[in-house]
Amino acid sequence: MKGRLSDGRVKPRKDVWMVISVVILALYALFMIYPLFMLLRNAVIDSGGQFTLDYFVKFLSKQYYLGTVLNSFKVSISATILTMIIGVPLAYFYNMYEIKGARFLQIIIILCSMSAPFIGAYSWILLLGRNGLITNFIKNLTGIKLPSIYGFGGILLVLCLQLYPLVFLYVSGALKNVDNTLLEASENMGCTGVKRFFTVIIPLCAPTIIAAMLMVFMRAFADFGTPLFIGEGYRTFPVEIYNSFMSETGGDTHFASAVAVIAIIITAIIFLFQRFVNSKFQFTMNALHPIERKKAKGIRGVLIHVFCYGVVTVAYAPQLYVIYTSFQNTSGKLFVDGYSLNSYVDAFSKLGNAIPNTFLIGGVALIVIVALSILVAYLVVRRSNIVSKFIDTLSMVPYVIPGSVVGIALIMAFSSGPIVLVGTATIMIVALVIRRNSYTIRSSVATLQQIPMSIEEAAISLGSSKLKAFFKVTMPMMANGIISGALLSWIAIITELSTGILLYNYRTTTLTIQIYTYVSRGSYGVAAAMACVLTVMTTISLLIFIKFSKNKNITF
(Lines give C-alpha, C1' and ligand atoms only; values in the text may rest on other atoms or scores of the structure.)
Protein backbone atom coordinates (compact mmCIF):
# COMPACT_ATOMS: atom_id res chain seq x y z
CA MET A 1 0.00 0.00 0.00
CA LYS A 2 1.07 3.57 -0.56
CA GLY A 3 2.25 5.48 2.52
CA ARG A 4 0.58 8.66 3.73
CA LEU A 5 2.01 11.97 4.83
CA SER A 6 1.14 13.56 8.20
CA ASP A 7 -1.56 15.73 6.60
CA GLY A 8 -3.26 12.69 5.13
CA ARG A 9 -2.08 13.07 1.54
CA VAL A 10 -0.88 10.00 -0.34
CA LYS A 11 2.92 9.78 -0.33
CA PRO A 12 4.15 9.67 -3.93
CA ARG A 13 5.92 6.48 -4.97
CA LYS A 14 9.58 6.90 -5.84
CA ASP A 15 10.32 6.47 -9.53
CA VAL A 16 13.07 3.87 -9.70
CA TRP A 17 14.10 5.00 -13.19
CA MET A 18 14.62 8.54 -11.97
CA VAL A 19 16.91 7.17 -9.27
CA ILE A 20 18.80 5.19 -11.92
CA SER A 21 19.09 8.36 -14.04
CA VAL A 22 20.59 10.27 -11.13
CA VAL A 23 23.06 7.46 -10.35
CA ILE A 24 24.22 7.22 -13.98
CA LEU A 25 24.52 11.00 -14.20
CA ALA A 26 26.60 11.01 -11.01
CA LEU A 27 28.94 8.34 -12.42
CA TYR A 28 29.41 10.33 -15.62
CA ALA A 29 30.07 13.45 -13.56
CA LEU A 30 32.73 11.70 -11.48
CA PHE A 31 34.53 9.72 -14.15
CA MET A 32 34.15 11.93 -17.23
CA ILE A 33 33.06 15.51 -16.53
CA TYR A 34 35.36 15.92 -13.51
CA PRO A 35 38.48 14.57 -15.31
CA LEU A 36 37.80 16.81 -18.32
CA PHE A 37 37.32 19.78 -16.01
CA MET A 38 40.63 19.01 -14.28
CA LEU A 39 42.27 18.77 -17.70
CA LEU A 40 40.95 22.19 -18.67
CA ARG A 41 41.92 23.65 -15.30
CA ASN A 42 45.44 22.32 -15.63
CA ALA A 43 45.70 23.86 -19.10
CA VAL A 44 44.84 27.41 -17.96
CA ILE A 45 46.44 27.48 -14.49
CA ASP A 46 50.21 27.69 -14.26
CA SER A 47 52.43 26.15 -11.57
CA GLY A 48 51.99 29.29 -9.45
CA GLY A 49 48.21 29.00 -9.46
CA GLN A 50 47.67 31.93 -11.83
CA PHE A 51 45.35 31.98 -14.84
CA THR A 52 47.24 31.88 -18.14
CA LEU A 53 46.83 31.09 -21.81
CA ASP A 54 50.56 30.80 -22.40
CA TYR A 55 50.41 27.04 -23.01
CA PHE A 56 47.86 27.51 -25.81
CA VAL A 57 49.92 30.37 -27.26
CA LYS A 58 52.99 28.11 -27.20
CA PHE A 59 51.18 25.47 -29.24
CA LEU A 60 49.51 27.83 -31.70
CA SER A 61 52.57 30.01 -32.28
CA LYS A 62 54.93 27.26 -33.37
CA GLN A 63 54.77 25.83 -36.87
CA TYR A 64 55.97 22.44 -35.62
CA TYR A 65 52.91 21.88 -33.43
CA LEU A 66 50.45 23.22 -35.99
CA GLY A 67 52.11 20.94 -38.53
CA THR A 68 51.15 17.88 -36.50
CA VAL A 69 47.49 18.95 -36.64
CA LEU A 70 47.68 19.50 -40.39
CA ASN A 71 49.39 16.12 -40.81
CA SER A 72 46.59 14.43 -38.89
CA PHE A 73 43.95 16.14 -41.04
CA LYS A 74 45.82 15.15 -44.20
CA VAL A 75 46.02 11.51 -43.10
CA SER A 76 42.43 11.37 -41.83
CA ILE A 77 40.86 13.02 -44.90
CA SER A 78 42.88 10.85 -47.29
CA ALA A 79 42.06 7.69 -45.32
CA THR A 80 38.36 8.60 -45.27
CA ILE A 81 38.24 9.11 -49.05
CA LEU A 82 40.12 5.90 -49.84
CA THR A 83 38.09 3.77 -47.42
CA MET A 84 34.91 5.07 -49.07
CA ILE A 85 36.30 4.18 -52.49
CA ILE A 86 37.05 0.65 -51.23
CA GLY A 87 34.29 -0.01 -48.71
CA VAL A 88 31.18 1.31 -50.46
CA PRO A 89 31.62 -0.68 -53.71
CA LEU A 90 32.62 -3.74 -51.69
CA ALA A 91 29.39 -3.55 -49.67
CA TYR A 92 27.40 -2.96 -52.85
CA PHE A 93 28.84 -5.97 -54.65
CA TYR A 94 28.50 -8.17 -51.56
CA ASN A 95 24.81 -7.35 -51.04
CA MET A 96 23.72 -7.08 -54.68
CA TYR A 97 25.39 -10.14 -56.20
CA GLU A 98 25.92 -13.77 -55.33
CA ILE A 99 29.60 -14.09 -54.51
CA LYS A 100 31.18 -17.49 -54.02
CA GLY A 101 32.31 -17.97 -50.47
CA ALA A 102 30.41 -14.87 -49.34
CA ARG A 103 30.16 -16.06 -45.75
CA PHE A 104 33.88 -16.71 -45.52
CA LEU A 105 34.56 -13.38 -47.22
CA GLN A 106 32.51 -11.49 -44.63
CA ILE A 107 34.34 -13.15 -41.73
CA ILE A 108 37.76 -12.24 -43.17
CA ILE A 109 36.62 -8.66 -43.81
CA ILE A 110 35.60 -8.33 -40.17
CA LEU A 111 38.83 -9.94 -38.97
CA CYS A 112 40.76 -7.31 -40.95
CA SER A 113 39.40 -4.67 -38.56
CA MET A 114 39.80 -6.67 -35.38
CA SER A 115 43.52 -6.31 -34.75
CA ALA A 116 45.12 -3.29 -33.16
CA PRO A 117 46.16 -0.78 -35.87
CA PHE A 118 49.78 -0.75 -34.73
CA ILE A 119 49.94 -4.51 -35.40
CA GLY A 120 48.95 -3.72 -38.99
CA ALA A 121 51.81 -1.22 -39.13
CA TYR A 122 54.21 -3.82 -37.73
CA SER A 123 52.96 -6.36 -40.31
CA TRP A 124 53.59 -4.05 -43.24
CA ILE A 125 57.06 -3.23 -41.92
CA LEU A 126 57.82 -6.96 -42.06
CA LEU A 127 56.64 -7.01 -45.68
CA LEU A 128 57.68 -3.64 -47.11
CA GLY A 129 60.16 -2.29 -44.56
CA ARG A 130 63.81 -1.69 -45.34
CA ASN A 131 64.50 -5.39 -44.82
CA GLY A 132 60.97 -6.59 -45.61
CA LEU A 133 60.08 -9.78 -47.44
CA ILE A 134 58.59 -8.10 -50.53
CA THR A 135 61.22 -5.35 -50.51
CA ASN A 136 64.10 -7.84 -50.62
CA PHE A 137 62.34 -10.12 -53.12
CA ILE A 138 61.79 -7.35 -55.68
CA LYS A 139 65.25 -5.89 -55.11
CA ASN A 140 66.93 -9.28 -55.63
CA LEU A 141 64.75 -10.10 -58.64
CA THR A 142 64.82 -6.80 -60.51
CA GLY A 143 67.30 -4.58 -58.71
CA ILE A 144 64.53 -2.06 -58.15
CA LYS A 145 64.31 -0.49 -54.71
CA LEU A 146 60.71 0.05 -53.59
CA PRO A 147 59.63 3.41 -52.14
CA SER A 148 59.82 3.66 -48.37
CA ILE A 149 56.84 2.32 -46.42
CA TYR A 150 57.54 4.83 -43.67
CA GLY A 151 55.85 8.21 -43.40
CA PHE A 152 52.55 9.44 -44.84
CA GLY A 153 52.15 6.66 -47.41
CA GLY A 154 52.67 3.88 -44.89
CA ILE A 155 50.26 5.40 -42.37
CA LEU A 156 47.64 5.83 -45.08
CA LEU A 157 48.06 2.24 -46.33
CA VAL A 158 47.67 0.75 -42.86
CA LEU A 159 44.67 2.89 -41.88
CA CYS A 160 42.80 2.24 -45.15
CA LEU A 161 43.18 -1.52 -44.92
CA GLN A 162 42.29 -1.40 -41.22
CA LEU A 163 39.20 0.82 -41.50
CA TYR A 164 37.50 -0.13 -44.78
CA PRO A 165 35.58 -2.95 -42.98
CA LEU A 166 33.78 -0.28 -40.94
CA VAL A 167 32.48 1.30 -44.14
CA PHE A 168 31.55 -2.15 -45.45
CA LEU A 169 29.55 -2.97 -42.33
CA TYR A 170 27.79 0.39 -42.17
CA VAL A 171 26.79 0.42 -45.84
CA SER A 172 25.76 -3.25 -45.72
CA GLY A 173 23.38 -2.37 -42.89
CA ALA A 174 21.90 0.47 -44.96
CA LEU A 175 21.49 -1.72 -48.05
CA LYS A 176 19.44 -4.20 -46.04
CA ASN A 177 16.88 -1.42 -45.53
CA VAL A 178 16.63 -0.57 -49.23
CA ASP A 179 13.41 -1.87 -50.80
CA ASN A 180 14.04 -3.98 -53.88
CA THR A 181 11.03 -2.41 -55.65
CA LEU A 182 12.97 0.87 -55.85
CA LEU A 183 15.76 -0.87 -57.72
CA GLU A 184 13.31 -2.65 -59.99
CA ALA A 185 11.58 0.65 -60.75
CA SER A 186 14.88 2.34 -61.61
CA GLU A 187 15.79 -0.62 -63.83
CA ASN A 188 12.46 -0.34 -65.67
CA MET A 189 13.31 3.31 -66.34
CA GLY A 190 16.66 2.33 -67.85
CA CYS A 191 18.76 3.27 -64.84
CA THR A 192 21.14 0.38 -64.29
CA GLY A 193 24.76 -0.39 -63.46
CA VAL A 194 27.04 2.48 -62.53
CA LYS A 195 24.34 5.09 -63.14
CA ARG A 196 21.97 3.37 -60.68
CA PHE A 197 24.77 3.08 -58.13
CA PHE A 198 25.40 6.85 -58.12
CA THR A 199 21.84 8.13 -58.63
CA VAL A 200 19.87 5.65 -56.49
CA ILE A 201 22.06 3.63 -54.11
CA ILE A 202 24.36 6.43 -52.93
CA PRO A 203 21.52 8.91 -52.16
CA LEU A 204 19.53 6.23 -50.31
CA CYS A 205 22.56 5.32 -48.20
CA ALA A 206 23.73 8.93 -47.72
CA PRO A 207 23.00 9.18 -43.94
CA THR A 208 24.82 5.92 -43.28
CA ILE A 209 27.73 6.86 -45.53
CA ILE A 210 28.12 10.16 -43.67
CA ALA A 211 28.07 8.29 -40.34
CA ALA A 212 30.70 5.87 -41.68
CA MET A 213 32.83 8.79 -42.84
CA LEU A 214 32.75 10.26 -39.34
CA MET A 215 33.67 6.90 -37.82
CA VAL A 216 36.63 6.45 -40.17
CA PHE A 217 37.79 10.05 -39.84
CA MET A 218 37.70 10.01 -36.04
CA ARG A 219 39.41 6.62 -35.83
CA ALA A 220 42.14 7.78 -38.23
CA PHE A 221 42.53 11.14 -36.50
CA ALA A 222 42.81 9.55 -33.04
CA ASP A 223 45.05 6.63 -34.03
CA PHE A 224 48.23 6.60 -32.01
CA GLY A 225 50.03 3.32 -32.68
CA THR A 226 50.24 3.41 -36.49
CA PRO A 227 52.00 6.78 -36.92
CA LEU A 228 54.19 6.03 -33.92
CA PHE A 229 55.52 2.84 -35.55
CA ILE A 230 55.52 3.61 -39.23
CA GLY A 231 55.42 7.42 -39.35
CA GLU A 232 59.06 8.05 -38.41
CA GLY A 233 59.51 11.79 -39.15
CA TYR A 234 55.85 12.27 -40.10
CA ARG A 235 54.42 13.43 -36.76
CA THR A 236 50.66 13.37 -36.16
CA PHE A 237 48.59 15.06 -33.44
CA PRO A 238 47.89 12.01 -31.20
CA VAL A 239 51.59 11.15 -31.16
CA GLU A 240 52.38 14.74 -30.21
CA ILE A 241 49.84 14.57 -27.35
CA TYR A 242 51.52 11.43 -26.06
CA ASN A 243 55.04 12.83 -26.45
CA SER A 244 54.08 16.12 -24.81
CA PHE A 245 52.67 14.33 -21.79
CA MET A 246 55.45 11.78 -21.45
CA SER A 247 58.14 14.44 -21.74
CA GLU A 248 56.41 16.54 -19.12
CA THR A 249 55.69 13.91 -16.47
CA GLY A 250 58.82 14.75 -14.56
CA GLY A 251 57.87 18.43 -14.30
CA ASP A 252 55.24 20.66 -15.90
CA THR A 253 52.14 18.87 -17.19
CA HIS A 254 50.25 22.04 -18.13
CA PHE A 255 51.37 22.10 -21.76
CA ALA A 256 50.27 18.50 -22.24
CA SER A 257 46.85 19.43 -20.84
CA ALA A 258 46.60 22.39 -23.22
CA VAL A 259 47.41 20.16 -26.20
CA ALA A 260 44.76 17.69 -25.02
CA VAL A 261 42.16 20.47 -24.72
CA ILE A 262 42.96 21.59 -28.27
CA ALA A 263 42.36 17.99 -29.39
CA ILE A 264 38.95 18.01 -27.69
CA ILE A 265 37.99 21.28 -29.39
CA ILE A 266 39.05 20.03 -32.83
CA THR A 267 37.24 16.70 -32.55
CA ALA A 268 34.11 18.35 -31.08
CA ILE A 269 33.93 20.77 -34.02
CA ILE A 270 34.29 17.89 -36.48
CA PHE A 271 31.59 15.88 -34.69
CA LEU A 272 29.15 18.81 -34.58
CA PHE A 273 29.76 19.55 -38.26
CA GLN A 274 29.02 15.93 -39.10
CA ARG A 275 25.82 16.04 -37.04
CA PHE A 276 24.75 19.19 -38.89
CA VAL A 277 25.44 17.66 -42.30
CA ASN A 278 23.76 14.41 -41.33
CA SER A 279 20.62 16.27 -40.20
CA LYS A 280 20.16 17.46 -43.79
CA PHE A 281 19.94 13.86 -45.01
CA GLN A 282 17.69 12.35 -42.35
CA PHE A 283 15.01 9.95 -43.55
CA THR A 284 13.85 6.43 -42.71
CA MET A 285 13.62 3.34 -44.87
CA ASN A 286 11.78 0.08 -44.30
CA ALA A 287 12.44 -2.71 -46.77
CA LEU A 288 9.22 -4.66 -47.25
CA HIS A 289 11.01 -6.45 -50.09
CA PRO A 290 14.71 -6.71 -49.23
CA ILE A 291 17.32 -6.72 -51.97
CA GLU A 292 17.66 -10.07 -53.69
CA ARG A 293 21.16 -11.03 -54.73
CA LYS A 294 21.64 -11.68 -58.43
CA LYS A 295 24.13 -13.97 -60.10
CA ALA A 296 27.17 -12.14 -61.38
CA LYS A 297 27.67 -13.43 -64.92
CA GLY A 298 30.37 -13.09 -67.54
CA ILE A 299 33.16 -10.57 -67.29
CA ARG A 300 31.19 -8.57 -64.72
CA GLY A 301 31.14 -11.55 -62.37
CA VAL A 302 34.86 -12.11 -62.82
CA LEU A 303 35.68 -8.47 -62.11
CA ILE A 304 33.43 -8.40 -59.03
CA HIS A 305 35.09 -11.51 -57.58
CA VAL A 306 38.57 -10.15 -58.41
CA PHE A 307 37.79 -6.84 -56.71
CA CYS A 308 36.26 -8.38 -53.56
CA TYR A 309 38.85 -11.08 -53.01
CA GLY A 310 41.69 -8.81 -54.13
CA VAL A 311 40.86 -6.20 -51.47
CA VAL A 312 40.47 -8.82 -48.75
CA THR A 313 43.68 -10.62 -49.73
CA VAL A 314 45.77 -7.45 -49.65
CA ALA A 315 44.22 -6.40 -46.34
CA TYR A 316 44.57 -9.75 -44.57
CA ALA A 317 47.90 -10.89 -46.04
CA PRO A 318 49.98 -9.00 -43.45
CA GLN A 319 48.19 -10.78 -40.60
CA LEU A 320 48.85 -14.13 -42.26
CA TYR A 321 52.51 -13.20 -42.60
CA VAL A 322 52.70 -12.34 -38.90
CA ILE A 323 51.33 -15.81 -38.16
CA TYR A 324 53.97 -17.29 -40.47
CA THR A 325 56.83 -15.37 -38.85
CA SER A 326 55.70 -16.46 -35.39
CA PHE A 327 56.94 -19.96 -36.29
CA GLN A 328 60.29 -18.82 -37.71
CA ASN A 329 63.48 -19.11 -35.72
CA THR A 330 65.03 -15.85 -34.58
CA SER A 331 68.54 -14.73 -33.78
CA GLY A 332 68.44 -11.54 -31.79
CA LYS A 333 66.18 -9.19 -33.75
CA LEU A 334 66.44 -11.12 -37.02
CA PHE A 335 64.47 -14.02 -38.46
CA VAL A 336 66.69 -16.91 -39.58
CA ASP A 337 66.19 -20.21 -41.42
CA GLY A 338 64.19 -22.93 -39.76
CA TYR A 339 60.92 -23.20 -37.92
CA SER A 340 60.02 -23.96 -34.33
CA LEU A 341 57.75 -23.00 -31.45
CA ASN A 342 60.56 -21.14 -29.71
CA SER A 343 58.89 -17.74 -30.16
CA TYR A 344 55.73 -19.05 -28.49
CA VAL A 345 57.70 -20.61 -25.65
CA ASP A 346 59.57 -17.36 -25.19
CA ALA A 347 56.37 -15.31 -25.47
CA PHE A 348 54.45 -17.30 -22.85
CA SER A 349 57.42 -17.11 -20.49
CA LYS A 350 57.33 -13.30 -20.78
CA LEU A 351 53.59 -12.74 -20.86
CA GLY A 352 53.25 -12.88 -17.11
CA ASN A 353 49.74 -11.76 -16.21
CA ALA A 354 49.09 -10.08 -19.56
CA ILE A 355 46.44 -12.57 -20.74
CA PRO A 356 44.68 -12.89 -17.34
CA ASN A 357 44.75 -9.09 -17.05
CA THR A 358 43.27 -8.74 -20.53
CA PHE A 359 40.35 -11.00 -19.61
CA LEU A 360 39.93 -9.65 -16.08
CA ILE A 361 40.16 -5.93 -16.84
CA GLY A 362 38.40 -6.28 -20.18
CA GLY A 363 35.77 -8.66 -18.80
CA VAL A 364 34.85 -6.41 -15.89
CA ALA A 365 34.74 -3.41 -18.23
CA LEU A 366 32.46 -5.31 -20.63
CA ILE A 367 30.06 -6.33 -17.83
CA VAL A 368 29.80 -2.70 -16.72
CA ILE A 369 29.35 -1.56 -20.32
CA VAL A 370 26.51 -4.02 -20.98
CA ALA A 371 24.71 -3.15 -17.73
CA LEU A 372 25.13 0.58 -18.32
CA SER A 373 24.10 0.34 -21.97
CA ILE A 374 20.88 -1.51 -21.17
CA LEU A 375 19.87 1.11 -18.62
CA VAL A 376 20.85 4.05 -20.81
CA ALA A 377 19.00 2.54 -23.79
CA TYR A 378 15.82 2.24 -21.73
CA LEU A 379 16.11 5.81 -20.47
CA VAL A 380 16.72 7.18 -23.97
CA VAL A 381 13.91 5.25 -25.68
CA ARG A 382 11.28 4.71 -22.99
CA ARG A 383 11.88 7.65 -20.63
CA SER A 384 12.89 10.39 -23.03
CA ASN A 385 13.43 13.67 -21.17
CA ILE A 386 16.11 16.30 -20.76
CA VAL A 387 18.07 14.15 -18.27
CA SER A 388 18.09 11.03 -20.44
CA LYS A 389 19.04 13.06 -23.53
CA PHE A 390 21.91 14.62 -21.60
CA ILE A 391 23.09 11.15 -20.52
CA ASP A 392 22.90 9.96 -24.12
CA THR A 393 24.98 12.93 -25.26
CA LEU A 394 27.55 12.32 -22.53
CA SER A 395 27.91 8.70 -23.62
CA MET A 396 29.04 9.89 -27.06
CA VAL A 397 31.64 12.40 -25.81
CA PRO A 398 34.54 9.87 -25.38
CA TYR A 399 33.69 8.46 -28.81
CA VAL A 400 35.02 11.62 -30.47
CA ILE A 401 37.98 12.25 -28.13
CA PRO A 402 41.38 10.62 -28.76
CA GLY A 403 42.18 7.90 -26.25
CA SER A 404 45.39 9.61 -25.16
CA VAL A 405 43.31 12.63 -24.07
CA VAL A 406 41.03 10.43 -21.98
CA GLY A 407 44.07 8.82 -20.37
CA ILE A 408 45.66 12.17 -19.53
CA ALA A 409 42.37 13.51 -18.11
CA LEU A 410 42.00 10.50 -15.81
CA ILE A 411 45.58 10.87 -14.60
CA MET A 412 44.97 14.55 -13.83
CA ALA A 413 41.82 13.74 -11.89
CA PHE A 414 42.81 10.64 -9.93
CA SER A 415 46.55 10.91 -9.27
CA SER A 416 45.94 12.72 -5.99
CA GLY A 417 43.14 14.00 -3.80
CA PRO A 418 40.33 12.10 -2.14
CA ILE A 419 40.21 9.40 -4.83
CA VAL A 420 43.54 7.94 -6.04
CA LEU A 421 43.16 5.43 -8.87
CA VAL A 422 46.36 5.89 -10.88
CA GLY A 423 48.38 2.69 -10.88
CA THR A 424 45.36 0.45 -10.27
CA ALA A 425 43.33 -1.79 -12.53
CA THR A 426 40.27 0.28 -11.63
CA ILE A 427 41.42 3.30 -13.62
CA MET A 428 41.99 1.10 -16.69
CA ILE A 429 38.49 -0.34 -16.31
CA VAL A 430 37.04 3.16 -15.99
CA ALA A 431 38.92 4.29 -19.11
CA LEU A 432 37.67 1.30 -21.12
CA VAL A 433 34.07 1.79 -20.00
CA ILE A 434 33.86 5.48 -20.85
CA ARG A 435 35.79 4.97 -24.11
CA ARG A 436 33.99 1.91 -25.44
CA ASN A 437 30.41 1.95 -24.12
CA SER A 438 29.10 3.99 -27.06
CA TYR A 439 29.14 0.91 -29.35
CA THR A 440 26.84 -1.10 -27.08
CA ILE A 441 24.64 1.88 -26.20
CA ARG A 442 23.97 2.75 -29.84
CA SER A 443 23.27 -0.88 -30.74
CA SER A 444 20.96 -1.35 -27.73
CA VAL A 445 19.08 1.89 -28.46
CA ALA A 446 18.55 0.91 -32.10
CA THR A 447 17.19 -2.50 -31.07
CA LEU A 448 14.90 -1.18 -28.32
CA GLN A 449 13.37 1.36 -30.72
CA GLN A 450 12.05 -1.56 -32.76
CA ILE A 451 10.31 -3.23 -29.79
CA PRO A 452 6.71 -1.98 -29.25
CA MET A 453 5.95 -0.44 -25.87
CA SER A 454 2.68 -2.38 -25.85
CA ILE A 455 4.56 -5.56 -24.95
CA GLU A 456 5.75 -4.03 -21.69
CA GLU A 457 2.36 -2.48 -21.04
CA ALA A 458 0.75 -5.93 -21.36
CA ALA A 459 3.13 -7.32 -18.71
CA ILE A 460 2.43 -4.35 -16.41
CA SER A 461 -1.34 -4.80 -16.83
CA LEU A 462 -0.89 -8.37 -15.57
CA GLY A 463 0.64 -7.12 -12.32
CA SER A 464 4.34 -6.86 -13.19
CA SER A 465 6.31 -3.80 -12.09
CA LYS A 466 7.87 -1.56 -14.73
CA LEU A 467 11.36 -2.66 -13.75
CA LYS A 468 10.45 -6.35 -13.79
CA ALA A 469 8.61 -6.02 -17.10
CA PHE A 470 11.66 -4.48 -18.68
CA PHE A 471 14.17 -7.04 -17.41
CA LYS A 472 11.95 -10.11 -17.84
CA VAL A 473 10.19 -9.24 -21.09
CA THR A 474 11.91 -6.48 -23.04
CA MET A 475 15.56 -7.15 -22.31
CA PRO A 476 15.53 -10.74 -23.70
CA MET A 477 14.10 -9.29 -26.93
CA MET A 478 17.05 -6.86 -27.05
CA ALA A 479 19.57 -9.69 -26.78
CA ASN A 480 20.77 -9.58 -30.39
CA GLY A 481 21.42 -5.85 -30.35
CA ILE A 482 23.15 -6.08 -26.98
CA ILE A 483 25.38 -8.93 -28.19
CA SER A 484 26.27 -7.06 -31.40
CA GLY A 485 27.28 -3.95 -29.49
CA ALA A 486 29.09 -5.97 -26.84
CA LEU A 487 31.14 -7.72 -29.53
CA LEU A 488 32.30 -4.40 -30.94
CA SER A 489 33.05 -3.09 -27.45
CA TRP A 490 34.97 -6.27 -26.56
CA ILE A 491 37.13 -6.17 -29.68
CA ALA A 492 37.88 -2.49 -29.05
CA ILE A 493 38.70 -3.30 -25.41
CA ILE A 494 41.20 -6.10 -26.03
CA THR A 495 42.98 -4.11 -28.78
CA GLU A 496 43.01 -0.80 -26.86
CA LEU A 497 46.40 0.90 -26.71
CA SER A 498 46.14 4.69 -26.58
CA THR A 499 44.70 4.91 -23.05
CA GLY A 500 46.34 1.75 -21.70
CA ILE A 501 49.86 2.88 -22.63
CA LEU A 502 49.42 5.87 -20.31
CA LEU A 503 47.60 4.14 -17.44
CA TYR A 504 49.22 0.71 -17.07
CA ASN A 505 51.95 -0.47 -14.72
CA TYR A 506 53.74 -3.80 -14.43
CA ARG A 507 50.80 -5.31 -12.51
CA THR A 508 48.12 -4.24 -15.00
CA THR A 509 49.88 -4.93 -18.32
CA THR A 510 47.53 -6.28 -20.99
CA LEU A 511 48.31 -8.36 -24.06
CA THR A 512 48.09 -5.40 -26.45
CA ILE A 513 50.53 -3.39 -24.34
CA GLN A 514 52.91 -6.35 -24.20
CA ILE A 515 52.85 -6.66 -27.98
CA TYR A 516 53.53 -2.95 -28.32
CA THR A 517 56.45 -3.21 -25.88
CA TYR A 518 58.16 -6.06 -27.73
CA VAL A 519 57.57 -4.57 -31.18
CA SER A 520 59.13 -1.29 -30.02
CA ARG A 521 62.11 -3.25 -28.65
CA GLY A 522 62.57 -5.07 -31.95
CA SER A 523 61.80 -8.51 -30.49
CA TYR A 524 59.78 -9.44 -33.55
CA GLY A 525 59.54 -13.19 -32.96
CA VAL A 526 58.03 -12.77 -29.50
CA ALA A 527 55.82 -9.93 -30.75
CA ALA A 528 54.56 -12.08 -33.65
CA ALA A 529 53.68 -14.94 -31.28
CA MET A 530 51.82 -12.56 -28.96
CA ALA A 531 50.03 -10.98 -31.92
CA CYS A 532 48.87 -14.46 -32.98
CA VAL A 533 47.48 -15.07 -29.50
CA LEU A 534 45.54 -11.81 -29.79
CA THR A 535 44.31 -12.82 -33.26
CA VAL A 536 43.06 -16.12 -31.86
CA MET A 537 41.21 -14.27 -29.08
CA THR A 538 39.48 -11.90 -31.51
CA THR A 539 38.61 -14.73 -33.91
CA ILE A 540 37.07 -16.79 -31.10
CA SER A 541 35.08 -13.71 -30.04
CA LEU A 542 33.69 -13.35 -33.56
CA LEU A 543 32.82 -17.05 -33.82
CA ILE A 544 31.03 -16.95 -30.46
CA PHE A 545 28.97 -14.00 -31.71
CA ILE A 546 28.07 -15.83 -34.91
CA LYS A 547 27.13 -18.91 -32.88
CA PHE A 548 24.76 -17.15 -30.49
CA SER A 549 23.50 -14.31 -32.67
CA LYS A 550 20.10 -14.63 -34.29
CA ASN A 551 21.25 -12.42 -37.13
CA LYS A 552 24.23 -14.10 -38.75
CA ASN A 553 25.11 -11.02 -40.78
CA ILE A 554 27.05 -8.44 -38.80
CA THR A 555 26.11 -4.88 -39.72
CA PHE A 556 25.87 -1.50 -38.02
Side-chain angles (χ1 to χ4, degrees), residues 36 39-40 42-44 53-83 116-118 120-121 124-125 148-160 162-163 214 216-271 273 398-409 411-412 435 497-502 516 520:
L36 293 177
L39 188 71
L40 177 61
N42 211 47
V44 297
L53 296 177
D54 290 348
Y55 304 109
F56 293 98
V57 173
K58 176 182 176 181
F59 183 91
L60 297 173
S61 63
K62 292 189 176 182
Q63 183 60 38
Y64 170 79
Y65 295 123
L66 291 177
T68 63
V69 178
L70 294 177
N71 285 346
S72 286
F73 271 103
K74 182 180 177 181
V75 166
S76 301
I77 292 172
S78 301
T80 302
I81 293 172
L82 288 180
T83 51
F118 78 91
W124 281 106
I125 288 173
S148 174
I149 188 67
Y150 302 96
F152 171 78
I155 297 172
L156 186 60
L157 173 67
V158 173
L159 290 178
C160 288
Q162 183 82 27
L163 298 177
L214 174 70
V216 171
F217 185 93
M218 297 309 299
R219 288 278 294 270
F221 190 86
D223 186 50
F224 158 76
T226 302
L228 186 66
F229 272 112
I230 208 169
E232 288 199 344
Y234 195 87
R235 290 292 187 89
T236 60
F237 196 34
V239 174
E240 188 56 41
I241 295 172
Y242 173 78
N243 289 337
S244 298
F245 181 74
M246 295 304 291
S247 64
E248 302 288 350
T249 51
D252 185 15
T253 60
H254 300 282
F255 179 67
S257 299
V259 177
V261 170
I262 292 171
I264 294 174
I265 294 171
I266 292 173
T267 52
I269 291 172
I270 295 168
F271 180 68
F273 175 74
Y399 167 76
V400 298
I401 298 177
S404 53
V405 173
V406 174
I408 293 172
I411 291 172
M412 297 295 176
R435 279 266 291 154
L497 177 67
S498 56
T499 53
I501 199 67
L502 292 170
Y516 167 82
S520 61

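These numbers were taken from a predicted model, which means no experiment stands behind them.
Using a 4.5 Å heavy-atom threshold, the side chains of N71 and F152 count as separate. Contact of the I241 side chain with the F237 side chain is registered, since non-hydrogen atoms from C-beta on lie closer than 4.5 Å. Contact of the I411 side chain with the F245 side chain is registered, since non-hydrogen atoms from C-beta on lie closer than 4.5 Å. Counting heavy atoms from C-beta outward, I266 and F73 have side chains that approach closer than 4.5 Å.
Closest heavy-atom contact between T499 and G407: CG2-N, 4.0 Å. The minimum heavy-atom distance linking G225 with L497 is given by the pair CA-CD2, 4.2 Å. Taking each heavy atom of P227 and V239 in turn, the nearest pair found is CG-CG2, 3.8 Å. For the pair L156 and A79, the tightest heavy-atom approach, listed with the atom from each and the gap, is CD1-N, 3.3 Å. Taking all atoms of both residues into account, the shortest heavy-atom contact from S404 to P238 is OG-O, 4.2 Å. Annotation for L157 and I149: closest pair CD2-CD1, 3.7 Å, computed over non-hydrogen atoms.
A side chain to side chain donor-acceptor pair (under 3.5 Å) check over residues 60-70, counting only residues at least two apart or in different chains, returns the pairs Y64-R235, Y64-E240. The salt bridge (Lys or Arg N to Asp or Glu O under 4.0 Å) analysis of residues 70-82, with sequence neighbours excluded, yields no pairs.
Qualifying side-chain contact (heavy atoms from CB on, under 4.5 Å) partners for T226, counting only residues two or more places apart in sequence or in other chains: P117, A121, I155, V158, L159, D223, I230. Applying the side-chain contact (heavy atoms from CB on, under 4.5 Å) rule to S498 yields the partners F224, R435, E496; only residues at least two apart in sequence or on another chain are considered. Residues that satisfy the side-chain contact (heavy atoms from CB on, under 4.5 Å) test with S257, not counting sequence neighbours, are L39, N42, A43, M412. For Y150, the ring pair (Phe, Tyr, Trp, His ring centres under 6.0 Å) test picks out no residue, with sequence neighbours left out. With sequence neighbours excluded, no residue forms a side-chain contact (heavy atoms from CB on, under 4.5 Å) with L70.
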- Query: Checking side-chain contact (heavy atoms from CB on, under 4.5 Å) for the pair Y55/V261: CA distance, chi angles, key distance, verdict?
  - Reply: CA-CA 11 Å; Y55 304 109; V261 170; over 6 Å; no

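If you take CZ on F217 and OG on S78, they are separated by 10.0 Å, rounding to the nearest 0.5 Å. In this structure, CD1 on I408 lies 8.0 Å from OG on S244, to the nearest 0.5 angstrom. Note that the OG atom of S76 and the CE atom of M218 stand 8.5 Å from one another [nearest 0.5 Å]. Separating the CD1 atom in I262 from the CZ atom in F59 is a distance of 4.5 Å, to the nearest 0.5 Å.
Under the 3.5 Å distance criterion, the side-chain polar atoms of T267 are matched with a main-chain donor or acceptor of I264.
Between Y516 and F229, the angle of the ring planes goes over 60°, which puts this pair in the perpendicular group of the 30/60° scheme.
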